[in-house]
Q: 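Quick one: this structure, given as structure tokens, is what I'll be asking you about.
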Amino acid sequence: EFDETPTRSIILATLESIPGMPTPIGIFREVSKPTYDGGVEKQIEDVTAKLGKGDLQKTLYSANTWEVK
């Protein structure tokens, strides 16, 4: 399942189309990729390291503010 090319997994996946061959069951190929949440956490860490920890009060009360009546 850790083969870099998908050739073997494709062969296994189509094995049952050959008469008399068994139906393959299991993991044919595992591909390691970064997860979405891992990427978001990394992005937050990078921005925090670059710009420092943010200040919500400062953000809310700076520049374009308005009152809703």
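Remember, it's a predicted structure, so these values are computed and weren't measured experimentally. Below, each value reflects all heavy atoms present in this structure, side chains not excepted, and no hydrogens, waters or symmetry copies.
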Q: Spell out, yes or no, whether Ile11 and Met21 are grouped together once hydrophobic residues are joined by side-chain heavy atoms under 4.5 Å, including indirect joins.
A: no
Q: Which residues satisfy the side-chain hydrogen bond (donor to acceptor under 3.5 Å, both in side chains) test with Thr23, sequence neighbours excluded?
A: Glu16
Q: Which residues pass the side-chain hydrogen bond (donor to acceptor under 3.5 Å, both in side chains) test with Glu41, sequence neighbours left out?
A: none
Q: By the rule that ILVMFWY residues connect when side-chain heavy atoms come within less than 4.5 angstrom, directly or transitively, which residues belong alongside Ile10?
A: none
Q: Would you please name every residue forming a side-chain hydrogen bond (donor to acceptor under 3.5 Å, both in side chains) with Asp46, sequence neighbours left out?
A: Lys42
Q: Applying side-chain hydrogen bond (donor to acceptor under 3.5 Å, both in side chains), can you list everything that pairs with Ser32, at least two apart in sequence or on another chain?
A: none
Q: Tell me who clusters with Tyr36, hydrophobic residues only, linked when side chains sit under 4.5 Å apart either directly or through other members.
A: Val40, Ile44
Q: Between CZ of Arg29 and OG1 of Thr7, what distance do you get to the nearest 0.5 Å?
A: 8.5 Å
Q: State, to 0.1 Å, how close Leu12 and Pro24 come at their nearest heavy-atom pair, and which atoms those are.
A: O-CG, 2.7 Å
